There are 2 protein chains.
Amino acid sequence: MSAAETLTRSLNAWKGQTFDAARCPVRDVIDHLGDKWSTLLIMVLADGPQRFSAIRRAVPDISQRMLTQTLRDLERDGLIEREVFPTKPPSVEYRLSPLGRTLLDPLAALVGWAEGAHPQIVRARTAYDQVA
Amino acid sequence: MSAAETLTRSLNAWKGQTFDAARCPVRDVIDHLGDKWSTLLIMVLADGPQRFSAIRRAVPDISQRMLTQTLRDLERDGLIEREVFPTKPPSVEYRLSPLGRTLLDPLAALVGWAEGAHPQIVRARTAYDQVA
DNA sequence: CGGAATCCAGCCCGATACTG
DNA sequence: CAGTATCGGGCTGGATTCCG
């Protein structure tokens, strides 16, 4: 089955039903990954388990608040695991869960596409704004 | 190269540089796709060219304003093309551009993952909320 | 070190009304 | 039919402060 057919079929699965966005994976899962930091944090953790402050250094422009919150959301979705080491001062390690690791393949495909398409997209924007 | 290596390498490409989010594809492209409607509209257009009102019927809960705006943004990025037929009343057709079609494969992979992982994610959330 | 709590700005997005 | 214009609420996310 082609990619287009896969996507069309995924859409049509929701035709006619009393519409419930919460039960549609595209909305319930992908939209959630689409927030400002989720994909970036998963990419950081793809390299291996990381401590809170190490993640923070890897993503310099994230605020402490959003780092905590995004990690919590990913943990709640079962994509990452959190382990506390009762040292003094405490240290906390985050790692991808088995489910989270299954996301790496499709995510790498998307990131690869984004890198390849980025120059064309930048050019398209310039051309569009030229006219308008 | 493994998916994890691909992602890590993509991240490390930005280490040390004076950080400029606009030049990072993950932020400039993927975050943009992460808005509420973009992926959904691309999925609709994967089936073939569609008129404005047909797209609207396919995504019942989008407002006219957001449909117009999201289509404009996708057109600006060069992912879709817009053609006006000067009939009376006018009709406008939208279709994926060649560049837009190259997104279908990675997008289908991600949507496929989301469908497969959705049940596990729902269960993870329930378990998490149980404890908290 | 890794948070939690609070406050607040911006903008995303929806609802509504009007147009060529 | 396919928009545009305007208004306004709510949520995302940043800055700051405090805590174990």
Side-chain angles (χ1 to χ4, degrees), chain A residues 19 21-22 24 26-42 44-45 49-77 80-95 128 131-132, chain B residues 19 21-22 24 26-28 30-41 44-45 49-77 80-95 128 131-132:
Chain A
F19 188 76
C24 168
V26 178
R27 309 207 187 198
D28 195 38
V29 179
I30 298 187
D31 272 13
H32 198 235
L33 289 178
D35 67 21
K36 192 169 181 181
W37 304 107
S38 290
T39 59
L40 232 30
L41 294 190
I42 289 173
V44 171
L45 292 178
Q50 308 276 341
R51 292 184 47 182
F52 187 88
S53 41
I55 303 174
R56 202 174 176 192
R57 277 190 298 277
V59 186
D61 54 341
I62 192 172
S63 69
Q64 200 173 38
R65 168 175 150 70
M66 290 316 296
L67 178 52
T68 302
Q69 181 176 307
T70 307
L71 287 169
R72 285 286 182 283
D73 289 345
L74 292 172
E75 187 194 0
R76 177 170 181 266
D77 280 5
I80 68 177
E81 293 162 352
R82 176 175 183 270
E83 184 172 4
V84 180
F85 298 97
T87 54
K88 232 174 31 170
S91 82
V92 180
E93 191 177 271
Y94 293 90
R95 71 173 124 286
Y128 186 94
V131 179
Chain B
F19 187 76
C24 168
V26 177
R27 310 206 185 198
D28 195 39
I30 297 187
D31 272 15
H32 198 240
L33 289 177
D35 68 21
K36 193 169 180 180
W37 303 107
S38 290
T39 60
L40 232 31
L41 294 191
V44 170
L45 292 178
Q50 309 276 339
R51 293 184 46 183
F52 187 89
S53 42
I55 302 174
R56 203 176 175 190
R57 277 190 299 276
V59 187
D61 55 340
I62 193 173
S63 68
Q64 199 174 37
R65 170 177 149 72
M66 290 315 297
L67 178 52
T68 301
Q69 182 176 307
T70 307
L71 287 170
R72 286 285 183 282
D73 289 345
L74 291 172
E75 188 195 359
R76 177 170 182 267
D77 281 6
I80 67 176
E81 293 162 352
R82 176 175 182 269
E83 185 172 5
V84 181
F85 297 97
T87 54
K88 235 177 25 176
S91 82
V92 180
E93 192 178 272
Y94 294 89
R95 70 175 124 278
Y128 186 94
V131 179

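Computation of the quantities below employed the complete heavy-atom set of this structure, encompassing side-chain atoms and omitting hydrogens, waters and symmetry-equivalent molecules. Reminder, nothing fancy here: chain letters follow the sequence lines and each chain counts from 1. Worth saying up front: this structure is predicted, and the values here are computed from it rather than measured.
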Can you measure [X] atom [atom1] to [N] atom [atom2] for me and round it to whole angstrom units?
| X | N | atom1 | atom2 | value |
| --- | --- | --- | --- | --- |
| B/K36 | D/dG10 | NZ | P | 14 Å |
| A/L40 | D/dG13 | CG | P | 12 Å |
| A/M66 | D/dA15 | CE | C1' | 13 Å |
| B/E75 | D/dA2 | CD | P | 15 Å |
| B/D31 | D/dT12 | CG | P | 15 Å |
| B/R27 | D/dG13 | CZ | P | 12 Å |
| B/Q69 | D/dA2 | CD | P | 18 Å |

Please list, chain by chain and in numerical order, all residues satisfying side chain to side chain donor-acceptor pair (under 3.5 Å) with B/S38, sequence neighbours excluded.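 Per chain and number, B/S38 pairs via side chain to side chain donor-acceptor pair (under 3.5 Å) with B/D35.
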
Which ones in residues 49-59 of chain A lie close to DNA chain D, meaning a heavy atom under 4.0 Å from one of its atoms?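 Result for residues 49-59 of chain A: none.
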
Heavy-atom contacts under 4.0 Å between residues 83-91 of chain B and DNA chain D, which residues?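 Close to the strand are B/P89, B/P90, B/S91.
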
Judged by each residue's nearest nucleotide on DNA chain C, which is more toward the 5′ side, B/S63 or A/L71?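 Looking at the nearest nucleotide for each, A/L71 comes out on the 5' side.
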
Run the salt bridge (charged side-chain N to carboxylate O under 4.0 Å, His left out) test against A/D28 and tell me which residues pass, sequence neighbours left out.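 Expected list: B/R125.
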
Among all residues two or more places apart in sequence or in another chain, which pass the salt bridge (charged side-chain N to carboxylate O under 4.0 Å, His left out) test with A/R95?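 If we apply the salt bridge (charged side-chain N to carboxylate O under 4.0 Å, His left out) test to A/R95, skipping adjacent residues, the hits are A/E81, A/E83, A/E93.
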
List in chain and number order the residues that pass side-chain contact (heavy atoms from CB on, under 4.5 Å) with A/V84, two or more places apart in sequence or in another chain; answer none if no residue qualifies.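 Per chain and number, A/V84 pairs via side-chain contact (heavy atoms from CB on, under 4.5 Å) with A/R82, A/V92.
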
How would you list, by chain and number, every residue that makes a side-chain contact (heavy atoms from CB on, under 4.5 Å) with B/P90, sequence neighbours excluded?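 Residues passing side-chain contact (heavy atoms from CB on, under 4.5 Å) with B/P90: none at all.
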
First-last contacting nucleotides on DNA chain C - partner chain A, under 4.0 angstrom, heavy atom: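 First and last nucleotides in contact are C/dC1 to C/dT6.
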
Report yes if some heavy atom in the side chain of A/I42 is under 4.5 Å from a heavy atom in the side chain of A/L33; otherwise report no.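 Of all side-chain heavy-atom pairs linking A/L33 with A/I42, at least one is under 4.5 Å.
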
Pairwise side-chain contact, A/V59 with A/D61, heavy-atom cut-off 4.5 Å (strictly under):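 With C-beta onward as the side chain, the pair touches.
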
Given axes from five pairs at either end, by how many degrees does the helix from C/dC1-D/dG20 to C/dG20-D/dC1 bend, rounded to 10°?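 Rounded value for the end-axis angle: 50°.
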
Under 3.5 Å, which protein N or O atoms sit close to an N or O of nucleotides 4-7 of chain D? Give each pair with its distance.
{"unit_1": "D/dT4", "atom_1": "OP1", "unit_2": "B/R72", "atom_2": "NH2", "d": "3.2"}

side-chain hydrogen bond (donor to acceptor under 3.5 Å, both in side chains): which pairs involve residues 49-58 of chain A, sequence neighbours left out?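 Found none.
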
Which side-chain N or O atoms in residues 67-76 of chain A pair as donor and acceptor under 3.5 Å with protein atoms at least two apart or in another chain?
{"unit_1": "A/T68", "atom_1": "OG1", "unit_2": "A/Q64", "atom_2": "O", "d": "3.1"}
{"unit_1": "A/T70", "atom_1": "OG1", "unit_2": "A/M66", "atom_2": "O", "d": "2.7"}
{"unit_1": "A/R76", "atom_1": "NE", "unit_2": "B/D129", "atom_2": "OD1", "d": "2.9"}
{"unit_1": "A/R76", "atom_1": "NE", "unit_2": "B/D129", "atom_2": "OD2", "d": "3.4"}
{"unit_1": "A/R76", "atom_1": "NH2", "unit_2": "B/D129", "atom_2": "OD2", "d": "2.7"}

Spacing of CD1 belonging to B/I55 relative to CD1 belonging to B/I62, to within rounding of 0.5 Å: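 B/I55 atom CD1 to B/I62 atom CD1 measures 9.0 Å (nearest 0.5 Å).
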
